[in-house]
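Just so you know, these numbers come straight off a predicted model, no measurement behind them. Heavy-atom basis, side chains included; hydrogens, waters and symmetry copies ignored.
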Amino acid sequence: ELGFISDIQVSEIMYANENLTLSCDSTTVDGTHINELHISVHTVPVTSYVLQLGAIASGRTEDYVSHISDSLNHMIAIYAKFKNLKFSDVRSKILKHLKNTLTDRVAVNHCVVQHLQSQMDVELLELNCNVHPLDGIAKKCTSILKNYDAEMVIKSDTFGRDC
């Protein structure tokens with residue numbers, strides 16, 4: 001029941017807001033490829049909602065596109081049935097509300113956006129997250145500084161040894 005209520009809430013947000021961003025991120029956990037989808041609404045502050053979290057076959061373009069399309073169609077079907085509207089009308093309106101995508105800079109994500117644009121007949125502004133590259137740089141800097149500290153035997157009265 002809670003999943004259904006959540007789906008209704010998210011689908012109502014998607015139906016009512018004309019500037020939506022579809023975000024996705026994935027990871028592999030114990031050999032299973034997990035893909036997470038969010039919808040963000042451009043309010044102040046920006047608000048994000050979980051659209052779907054699910055296992056997909058692999059990290060191929062077709063798997064991502066299928067997961068995203070199936071997830072959107074699931075939400076559209078629930079909203080159409082709940083509001084007694086035609087699926088095609090609800091789908092058309094919600095897809096017109098999708099304006100942006102936000103993903104990390106993995107090459108497959110660009111292919112996914114291209115396929116979605118073609119499949120849904122929409123134009124999407126493709127945005128990339130800047131956190132992943134910054135996180136990679138920070139980890140490398142921390143590693144180098146730890147090696148430097150070990151070589152230089154720097155004494156300090158500050159708290160912590162994170163760096």
**Q.** ILVMFWY cluster, I94 and F82 together (side-chain gap under 4.5 Å)
**A.** no
Q.
Can a side-chain donor-acceptor contact be found between H97 and N19 if the only test is distance below 3.5 angstrom?
A. no
Q. In terms of hydrophobic clustering (I, L, V, M, F, W, Y; side-chain heavy atoms under 4.5 Å; direct or indirect links), are V41 and L102 co-clustered?
A. no
Q: Starting at CG of L2, measure out to CD of Q9 and round the result to the nearest 0.5 Å.
A: 9.5 Å
Q: State whether a side-chain donor-acceptor pair under 3.5 Å links T21 with S40.
A: no
(Q) L37 vs H67, test: side chain to side chain contact (heavy atoms under 4.5 Å, CB included). Steps then yes/no. (A) CA-CA 9 Å; L37 305 174; H67 182 235; 3.7 Å; yes
**Q.** Sequence-distant partners of E126, salt bridge (charged side-chain N to carboxylate O under 4.0 Å, His left out), two or more places apart
**A.** none
Q | Donor-acceptor contact present, side-chain S11 to main-chain D7, <3.5 Å | A | yes
Q.
Evaluate L125 against T101 for side chain to side chain contact (heavy atoms under 4.5 Å, CB included), listing each step before the verdict.
A. CA-CA 6 Å; L125 175 62; T101 61; over 6 Å; no
(Q) Just verifying a value: how many Å separate L51 CG and L22 CG, rounded to the nearest 0.5 Å? (A) 7.0 Å
Q) Between Q117 and H115, does any side-chain donor sit less than 3.5 Å from a side-chain acceptor? A) no
Q) Among the clusters formed by ILVMFWY side chains lying less than 4.5 Å apart, do F87 and M120 turn up in the same one? A) yes
Q) Rounded to the nearest 0.5 Å, what separation is found between the NE2 atom of H38 and the CD atom of Q52? A) 11.0 Å
Q) How many angstroms lie between atom OH of Y49 and atom CG of N17, to the nearest 0.5 angstrom? A) 7.5 Å
(Q) Looking at D121, I'd like to know if its CG atom is crowded, meaning that more than 12 non-hydrogen atoms belonging to other residues, nucleotides or ligands lie closer than 6.0 Å. (A) no
(Q) Donor-acceptor pair, distance only, cut-off 3.5 Å: does the side chain of T47 make one with the backbone of P45? (A) yes
Q) Out of L95, L20, V90, which residue meets the side chain to side chain contact (heavy atoms under 4.5 Å, CB included) rule with M14? A) L20
Q) Which atom pair, heavy atoms only, marks the closest approach of K99 to K96? A) NZ-O, 2.8 Å
**Q.** Reported NZ-to-CD1 distance for the pair K81 and I76, which is rounded to 0.5 angstrom
**A.** 16.0 Å
**Q.** V108-I68 co-clustered via ILVMFWY side chain contacts under 4.5 Å
**A.** yes
Q: Give the intermediate values and the outcome of side chain to side chain contact (heavy atoms under 4.5 Å, CB included) for residues D25 and T103.
A: CA-CA 6 Å; D25 197 14; T103 63; over 6 Å; no
Q | Check ion pair E12-K83 (N to O, under 4.0 angstrom) | A | yes
**Q.** Full working for side-chain hydrogen bond (donor to acceptor under 3.5 Å, both in side chains) between Q119 and S69
**A.** CA-CA 9 Å; Q119 185 182 76; S69 297; 2.4 Å; yes
**Q.** Taking every non-hydrogen atom, the tightest pair across V10 and V50
**A.** CG2-O, 3.6 Å
Q) Can you list the steps and then say if T28 with T32 is a side chain to side chain contact (heavy atoms under 4.5 Å, CB included)? A) CA-CA 5 Å; T28 301; T32 303; 5.9 Å; no
Q: Check whether any side-chain heavy atom of S66 sits under 4.5 Å from a side-chain heavy atom of E62, and report yes or no.
A: no
Q) Should I13 and L53 be regarded as members of a common hydrophobic cluster, given that ILVMFWY residues are connected when their side-chain heavy atoms come within less than 4.5 Å of each other, either directly or indirectly? A) no
(Q) Using only atom types and a distance under 3.5 Å, with no angle test, would you say the side chain of D63 pairs donor to acceptor with the backbone of S58? (A) yes
Q) When you check the side-chain N and O atoms of N109 and D104, is any donor under 3.5 Å from an acceptor? A) yes
Q. For the ring pair Y64 and H33, is the centre-to-centre distance below 6.0 Å?
A. yes
Q: Measure the CD1-OG distance between I39 and S71 for me, rounded to the nearest 0.5 Å.
A: 9.5 Å
